[in-house]
Amino acid sequence: MKHKIWEVWFAKVKFEDSDLVKNRPVLIIGQSKAIIISLKMTTHSQRDRYDYPLRHWNKAGLKKETIVRTTKICHLIESDLVWKIGRLSEHDIIQIQNLLIHPNS
């Protein structure tokens, strides 16, 4: 599987407080040789200013309005990725980059 930064993938993500795994969308934001760095995504409400509501969620291949939780980082491996959903719009990429680089602005 070939994945790229700023793509949305359906992935096997482990719950924070248990060993259970849930298939959910993630946003790939980086990678090292062995680890894919991603952010959790949800259709739940925005909780704080670090949650980013995608403006162009439908263009990214998502079926519902979606929030990117910029404080919920996942470390995945290649086999955790199930399928590619799509890629974020340039507008949404810039907004998330700003949140990640300047979280207190």
Side-chain angles (χ1 to χ4, degrees):
M1 253 180 274
K2 190 66 176 161
H3 55 276
K4 296 180 182 168
I5 295 173
W6 303 117
E7 287 181 343
V8 178
W9 280 74
F10 208 61
K12 300 174 205 164
V13 178
K14 186 177 168 189
F15 282 87
E16 292 174 14
D17 55 353
S18 75
D19 287 333
L20 295 174
V21 174
K22 177 182 180 181
N23 287 339
R24 66 179 307 148
V26 296
L27 173 63
I28 296 176
I29 60 167
Q31 65 184 36
S32 67
K33 289 186 181 208
I35 302 295
I36 301 164
I37 303 163
S38 62
L39 299 173
K40 291 182 180 178
M41 302 173 82
T42 185
T43 56
H44 292 284
S45 303
Q46 183 176 358
R47 291 191 280 195
D48 57 37
R49 65 189 181 109
Y50 304 110
D51 284 355
Y52 175 73
L54 291 175
R55 186 171 187 184
H56 304 286
W57 52 270
N58 52 345
K59 291 180 182 176
L62 296 160
K63 295 184 182 353
K64 296 180 181 180
E65 291 183 14
T66 302
I67 303 287
V68 177
R69 303 243 192 250
T70 63
T71 59
K72 297 293 185 180
I73 297 173
C74 299
H75 295 100
L76 306 172
I77 58 174
E78 190 77 31
S79 62
D80 291 330
L81 299 179
V82 180
W83 73 78
K84 179 181 168 184
I85 297 172
R87 179 178 165 79
L88 291 192
S89 70
E90 289 301 315
H91 172 85
D92 286 330
I93 290 170
I94 291 167
Q95 297 304 312
I96 292 170
Q97 283 177 325
N98 286 336
L99 270 175
L100 294 172
I101 295 168
H102 307 289
N104 296 319
S105 311

Here the ring-ring contact (aromatic ring centres under 6.0 Å, His included) pairs for residues 55-76, sequence neighbours left out, are H56-H91

Apply ring-ring contact (aromatic ring centres under 6.0 Å, His included) to F10 and list each qualifying residue two or more places apart in sequence or on a separate chain.
W83

Cluster question for you: counting only ILVMFWY and a side-chain heavy-atom cut-off of under 4.5 Å, with indirect links fine, are I67 and W9 together?
no

In the hydrophobic cluster built from side-chain contacts under 4.5 Å, what are the other members alongside I94?
none

Distance check, rounded to the nearest 0.5 Å: Y52 atom OH versus L88 atom CG?
8.5 Å

Hey, could you give me each pair passing salt bridge (charged side-chain N to carboxylate O under 4.0 Å, His left out) that has a residue in residues 18-29? Not counting sequence neighbours.
K14-D19

How is the hydrophobic cluster of L20 composed, in terms of its other members, when Ile, Leu, Val, Met, Phe, Trp and Tyr link through side-chain heavy atoms under 4.5 Å apart, directly or indirectly?
F15

Is there a path of hydrophobic side-chain contacts, each under 4.5 Å between heavy atoms of I, L, V, M, F, W or Y residues, that connects V21 with I77?
no

Donor-acceptor contact present, side-chain D92 to main-chain L54, <3.5 Å
no

Could you work out, with side chain to side chain donor-acceptor pair (under 3.5 Å) as the rule, every residue matching Q95, not counting sequence neighbours?
none

Find out whether V26 and L76 are in side-chain contact, i.e. whether some heavy atom of one side chain is under 4.5 Å from a heavy atom of the other.
yes

With sequence neighbours excluded, give me every salt bridge (charged side-chain N to carboxylate O under 4.0 Å, His left out) pair touching residues 59-71.
D51-R69

In terms of heavy-atom contacts, I85 and G61 come closest through CG2-O, 3.3 Å

Go through the structure and list residues passing side-chain contact (heavy atoms from CB on, under 4.5 Å) with N58, not counting sequence neighbours.
none

Residues which pass side-chain contact (heavy atoms from CB on, under 4.5 Å) with I29, listed by chain and number, not counting sequence neighbours
W6, L27, I37, L39, L100

Got a sec, which residues hit salt bridge (Lys or Arg N to Asp or Glu O under 4.0 Å) with K72, two or more places apart in sequence or on another chain?
E16

Does E7 come within less than 4.0 Å of R87, counting only side-chain N to carboxylate O?
no

Rounded to the nearest 0.5 Å, what separation is found between the SG atom of C74 and the CD1 atom of I35?
11.5 Å

Measure the shortest side-chain to side-chain distance between D80 and V13 over non-hydrogen atoms and say whether it is less than 4.5 angstrom.
no

Of all residues at least two apart in sequence or in a different chain, which pass the side chain to side chain donor-acceptor pair (under 3.5 Å) check with T70?
none

The side chain to side chain donor-acceptor pair (under 3.5 Å) partners of Q97 (sequence neighbours excluded) come to none

